[in-house]
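The next block holds one structure in the form of C-alpha cells; read it before the comments.
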Amino acid sequence: DSGVTQTPKHLITATGQRVTLRCSPRSGDLSVYWYQQSLDQGLQFLIQYYNGEERAKGNILERFSAQQFPDLHSELNLSSLELGDSALYFCASSSPTSVNTGELFFGEGSRLTVL
Amino acid sequence: EDQVTQSPEALRLQEGESSSLNCSYTVSGLRGLFWYRQDPGKGPEFLFTLYSAGEEKEKERLKATLTKKESFLHITAPKPEDSATYLCAVRMDSNYQLIWGAGTKLIIKP
C-alpha cells in the first residue's frame, strides 16, 4: 500500500460528459502529480501541484483541469469527454526528500471508460 | 526529441532463466534514470535510481546498470512473482518531470 488513495477506481461515462477524479496523497507529502496511462502511450505527465500551487504542466488538454486543496487532496476534472480519453489516470505524491531520488508514490489509479 | 525506449515490449521466460531488459534514452543532460515495477491493476512502484554511467544498484534478483546511452535491468533466476511490467523513466537538466518509457511486460512461467 503506497498510502496514496484514488477514487473512484472505475468510471464509465458517455462522450461529452464531465467527471472528477480524486486523490489523497501520502500523509505529509506536499506534491501531487497526475498521469494518464493508455495502452499505446505509456505514462504521460499531466500536471503537478505543490502545496496548493501549480508547479508544472505537461501534456494536459484544455478540457482537463486540476487543483489541490488546502488539505492537500487533489482533483482532476475531465470535461467534454471523448472516446480517446479512456485510460487509466494515476495520481502520485512525493516528499521533498523522495522527489530528489525520483521516488514517486502512486495510487492504484482510476480507470475511465468513455462510451 | 527527448525519448525513452524500452525493449523488448514483452519477454517470456521460464522460472530460473536469467535475462535483461533494456532502456535506451536520447536526452540531453541526464539527471537520473529510474526503474519502476507495475503489477496489473496497480500503480507503478519505485525500484531504483541511477545517476551516472557505471553505477549499479541491486535488489533481490534485480540489478540495474547505467551507461551513457542506456540502462539494463538484469533479472537473475527469476520467479513467477517477478512477473510485472517494468518501467524506465529519466529526468533531464532542463525538465524536472520524468519522461517514461512504454515498459517491458515480463512473464515468468513456473
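Chain A is the first sequence line, chain B the second, and so forth, proteins listed ahead of strands; every chain is numbered from 1.
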Above 12 or not: heavy atoms from other molecules or residues under 6.0 Å from [atom1] of [X]?
| X | atom1 | answer |
| --- | --- | --- |
| B:Glu81 | CD | yes |
| B:Gln14 | CD | yes |
| B:Lys57 | NZ | yes |
| B:Arg12 | CZ | no |

Which answer fits B:Phe48, side chain, backbone, both or neither, if we ask what part of it has an atom under 4.5 Å from a heavy atom of chain A?
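No part of it gets close to chain A.
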Identify which part of B:Glu45 has an atom lying under 4.5 Å from any heavy atom of chain A, answering side chain, backbone, both or neither.
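Nothing of B:Glu45, per the 4.5 Å heavy-atom cut-off to chain A.
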Using the rule that two of Ile, Leu, Val, Met, Phe, Trp, Tyr join whenever any of their side-chain heavy atoms come within less than 4.5 Å, decide whether [X] and [Y] are in one cluster.
| X | Y | answer |
| --- | --- | --- |
| B:Trp100 | A:Trp34 | no |
| A:Leu104 | A:Leu76 | no |
| A:Leu21 | A:Phe90 | no |
| A:Tyr33 | A:Tyr49 | no |
| B:Tyr36 | A:Phe105 | no |

Just verifying a value: how many Å separate [X] [atom1] and [Y] [atom2], rounded to the nearest 0.5 Å?
| X | Y | atom1 | atom2 | result |
| --- | --- | --- | --- | --- |
| B:Gln97 | A:Lys57 | CD | NZ | 13.0 Å |
| A:Leu88 | B:Lys42 | CG | NZ | 12.5 Å |
| B:Leu87 | A:Phe106 | CG | CZ | 8.5 Å |

So which bits of residues 107-115 of chain A come within less than 4.5 Å of chain B, counting non-hydrogen atoms only?
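Listed by number: A:Gly107, A:Glu108.
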Which portion of A:Gln48 sits near chain B, non-hydrogen atoms under 4.5 angstrom:
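Contact with chain B: side chain only.
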Side chain from CB out, backbone as N, CA, C, O: work out which of these in A:Gln37 comes under 4.5 Å of a heavy atom of chain B, or both, or neither.
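When you check distances to chain B, only side chain atoms of A:Gln37 fall under 4.5 Å.
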Output, in order, the C-alpha distance, side-chain angles, deciding distance and verdict of side-chain contact (heavy atoms from CB on, under 4.5 Å) for A:Leu43 and B:Leu98.
CA-CA 10 Å; A:Leu43 272 169; B:Leu98 301 183; over 6 Å; no
As an exercise: rank B:Pro44, B:Gly41, B:Gly43 by heavy-atom pairs under 4.5 Å with chain A and give me the winner.
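Among B:Pro44, B:Gly41, B:Gly43, the one with the most close pairs to chain A is B:Pro44.
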